[in-house]
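Structure, as structure tokens:
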Amino acid sequence: MRKLHFTYEMQIEYSIDVARCNFTIKCCPQNTARQRLEDVNVQLFPATTYCTGVDGLQNKQIYGVNELPHKIFRFQTDGTAYTGLCDYEEIVNEDYAMIFRHPHGLNQAGVGIMDFYEKHKPDSGLSVYEKAQYFMHLLHAKFSYQPCTTDVDTTAEDAFVQGHGVCQDYAHIFISLMHLSNIPARYVTGLIVGEGASHAWVEVLCDDKWYGFDPTNEKMVVDEHIKIGVGRDAKDCMINRGIMHGGGLHTQIIKVNVKDCL
């Protein structure tokens, strides 16, 4: 077990006043078999009341309406996470996992990914867990990390053909390879020790348990990662969504800190 303190801060700066903002934020880590949260705090600026709930995929979210004119909107959450409590996230039934068995949105495979899969199709005697590990190592060797070369709309196929990208791209390609193997897999957003931004990885259904695979770092998810939310692709678990009245141009700054508690 590992005890981690985390802080996630998002600040959006606008060129003109926002008169009204309807917001939904999904950046509150959840309790799973692998991690347990304590003393989680949420702050909003400008200060406003909000509601809490979950979306259709059971991701925690806060939502509300800010009617105070503002040029800066800031959200911060912090708390303590006990990680590495076991090596899987949760036990599920196959019926629930069906929506994660089929391609969707940004993780749909094209000719490039399908050809790669056919050339490197794993031995049929491997377990699901072993197939996922096999493709994680293969993808890490084939694909390279290079920031600022893709964006939030880049598909798995486009990133794969390009040959480089960021954690979102690794995750989408890895999900594509799992789907071609007829294995349920889902996109995960979260935080990781040592990075100043949010991170993405993949959970694969092995028998009846979701296990985390981090293809960007070529490692299993055990005690360095703090899980926030899941989806079929990155757009299902976007941290910030909203409708603004006014605002003009805007810039967004993300600050993340995850460190061991002393």
Verify whether one side chain among Gln61 and Thr24 offers a donor that lies under 3.5 Å from an acceptor in the other. no
Got a second to check how far Thr216's OG1 is from Met136's CE, nearest 0.5 Å? 10.5 Å
Please list all pairs meeting ring-ring contact (aromatic ring centres under 6.0 Å, His included) that have one or both residues in residues 126-150, counting only residues at least two apart or in different chains. Tyr117-Phe135, Tyr129-Tyr211, Tyr129-Phe213, Phe143-Tyr170
Ignoring hydrogens and angles, tell me if any N or O in the side chain of Asp169 forms a donor-acceptor pair with the backbone of Val166 under 3.5 Å. yes
How does the hydrophobic cluster around Tyr82 look, that is, which other residues are in it when side-chain heavy atoms under 4.5 Å mark a link? Met1, Leu85
Would you say CD1 of Ile253 has more than 12 non-hydrogen atoms from neighbouring residues, nucleotides or ligands within 6.0 angstrom? yes
What closest approach, in Å, do Gly79 and His5 show between heavy atoms, and which atom pair accounts for it? O-CD2, 3.3 Å
Under 3.5 Å: donor-acceptor pair, side chain of Lys26, backbone of Asp236: yes
Can a donor-acceptor pair be found between the side chains of His199 and Asp214 at a distance below 3.5 Å? yes
Check Cys27 against Phe75 and note the closest heavy-atom contact, atom names and distance. CB-CE2, 3.6 Å
Using side-chain heavy atoms (C-beta onward) and a distance below 4.5 Å, is Lys227 in contact with Gln30? yes
So how far is it from Glu89 CD to Gln35 CD, rounded to the nearest 0.5 Å? 6.0 Å
Using a 4.5 Å cut-off on heavy atoms from C-beta on, say whether the side chain of Leu139 contacts that of Ile173. yes
Nearest heavy-atom neighbours spanning Leu44 and Phe73: CD2-CZ, 3.9 Å
Counting only heavy atoms not in Asp207 (residues, nucleotides, ligands), do more than 12 fall under 6.0 Å from its CG? no
Asp233 with Arg186: basic N within carboxylate O range, under 4.0 Å: no
Quick one, Phe6 and Leu37 - any side-chain contact, counting heavy atoms below 4.5 Å? yes
Using 0.5 Å steps for rounding, measure from the CD atom of Glu224 to the CG atom of Asn217. 7.5 Å
Report yes if the side chains of Glu9 and Arg74 come closer than 4.5 Å at any heavy-atom pair, otherwise no. yes
Heavy-atom donor-acceptor pair, Ser176 side chain to Asn107 backbone, under 3.5 Å: yes
Salt bridge (Lys or Arg N to Asp or Glu O under 4.0 Å) evaluation trace for Arg34 with Glu90: CA-CA 8 Å; Arg34 186 188 60 84; Glu90 61 177 316; over 6 Å; no
May I have all residue pairs that pass ring-ring contact (aromatic ring centres under 6.0 Å, His included) and include part of residues 36-72, sequence neighbours excluded? none
Does the Asp123 side chain pair with the main chain of Gly125, one donor and one acceptor, at a distance under 3.5 Å? yes
Can you check side chain to side chain contact (heavy atoms under 4.5 Å, CB included) on Phe23 and Thr48, steps first, answer last? CA-CA 11 Å; Phe23 61 86; Thr48 186; 4.0 Å; yes
Going by chain and number, the hydrophobic cluster around Leu106 (ILVMFWY, side chain to side chain under 4.5 Å) further includes none
Find the distance between NZ (Lys60) and CD1 (Ile228) and round it off to the nearest 0.5 Å. 11.5 Å
Measure across Glu38 and Arg36 and return the closest heavy-atom pair with its distance rounded to 0.1 Å. OE2-NH1, 2.8 Å
Do side-chain atoms of Thr154 reach the backbone of Ala159 as a donor and acceptor pair under 3.5 angstrom? no
Quick test of your reading: applying ring-ring contact (aromatic ring centres under 6.0 Å, His included), list the pairs with at least one residue in residues 146-168, sequence neighbours left out, ordered by first then second residue. Phe116-Phe160
Please check if Phe100 and Phe174 belong to a single hydrophobic cluster, counting links between Ile, Leu, Val, Met, Phe, Trp and Tyr side chain heavy atoms closer than 4.5 Å. no
Apply side chain to side chain contact (heavy atoms under 4.5 Å, CB included) to Arg20 and Met244, showing your working. CA-CA 6 Å; Arg20 176 187 171 97; Met244 278 73 66; over 6 Å; no
Pairs touching residues 177-198 that satisfy ring-ring contact (aromatic ring centres under 6.0 Å, His included), sequence neighbours left out: His172-Tyr187
Run the numbers on Tyr8 and Val258 for side chain to side chain contact (heavy atoms under 4.5 Å, CB included), then give the verdict. CA-CA 9 Å; Tyr8 178 96; Val258 182; over 6 Å; no
Hydrogens and angles aside, do Asp39 and Thr80 bring a side-chain donor and acceptor to less than 3.5 Å of each other? no
Determine whether Thr251 and Ile12 make a side-chain contact, defined as any pair of heavy atoms from C-beta on separated by less than 4.5 Å. no
Is the shortest side-chain heavy-atom distance between Leu4 and Thr83 below 4.5 Å? yes
For the backbone of Ser127 and the side chain of Glu130, can you confirm whether one donor and one acceptor N or O come within less than 3.5 Å of each other? yes
Side-chain donor-acceptor pair present, Asn182, Arg101, cut-off under 3.5 Å: yes
Contact between Asp78 and Gln43 at the side-chain level, heavy atoms closer than 4.5 Å - yes or no? yes
Going by heavy atoms in the side chains, are Gln162 and Thr149 under 4.5 Å from each other? yes
Please report the C-alpha distance between Lys3 and Asp260 in whole Å, then the side-chain angles of each, then the deciding distance to 0.1 Å, and finally whether the salt bridge (Lys or Arg N to Asp or Glu O under 4.0 Å) criterion is met. CA-CA 6 Å; Lys3 184 179 180 182; Asp260 288 285; over 6 Å; no
Exercise: identify the closest heavy-atom pair between Pro69 and Asp17: CB-OD2, 4.1 Å
Take Ile192 and Glu195 through the test side chain to side chain contact (heavy atoms under 4.5 Å, CB included) and record every step on the way to the result. CA-CA 6 Å; Ile192 186 172; Glu195 288 194 10; 3.5 Å; yes
Please determine whether the number of non-hydrogen atoms from other residues, nucleotides or ligands lying under 6.0 Å from atom CG of Leu249 exceeds 12. no
